[in-house]
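What follows is a single structure, written as structure tokens, with notes after it.
The basis for the numbers below is simple: all heavy atoms, side chains too, and nothing from hydrogens, waters or symmetry mates.
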Amino acid sequence: YIQLIRALDKDQQVDFGTIEKQALIQLFNDHRIKEKSLEVLNDYYRKCVRFLERFEPSGYRTILLNILDFITDREY
């Protein structure tokens, strides 16, 4: 929703409590919200991996990297 609010013009407002499902999906598609969200997710993923690479290899680091992979590889 945050990505959609950012994408809308200042004069456009969406009442998320009353908007119909199809209209909301259309807004998401029109403004490429899924693609933008995945770009943000991938940016954070790369930052996390770079951060974790500073640490010596360990089981904990491997687990954290696996969690990152799980989160980013899911099909939503």
Can you list, pair by pair, the side-chain donor-acceptor contacts under 3.5 Å of residues 51-63, counting residues two or more places apart and other chains?
from	atom 1	to	atom 2	distance (Å)
Ser58	OG	Tyr60	N	3.4
Ser58	OG	Arg61	N	3.1
Arg61	NH1	Phe55	O	2.6
Thr62	OG1	Ser58	O	3.0

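Atom CD of Glu20 has 12 or fewer heavy atoms from other residues, nucleotides or ligands within 6.0 Å.
Here the side chains of Gln22 and Ile25 are in contact, with some heavy-atom distance below 4.5 Å. Residues Ile71 and Leu41 meet the side-chain proximity criterion, which asks for heavy atoms closer than 4.5 Å.
Considering only residues two or more places apart in sequence or on other chains, Lys47 meets the side chain to side chain contact (heavy atoms under 4.5 Å, CB included) condition with Asp43, Arg50. For the side chain to side chain donor-acceptor pair (under 3.5 Å) test, residues two or more places apart in sequence or in another chain that qualify with Asp30 are Gln26. Every residue two or more places apart in sequence or in another chain that forms a side chain to side chain contact (heavy atoms under 4.5 Å, CB included) with Ile19 is listed here: Val14, Ala23, Leu24, Leu27.
For the ring pair (Phe, Tyr, Trp, His ring centres under 6.0 Å) condition, no pair includes a residue of residues 30-49, sequence neighbours left out.
Distance check: Leu68 CG to Asp73 CG gives 10.0 Å after rounding to the nearest 0.5 Å.
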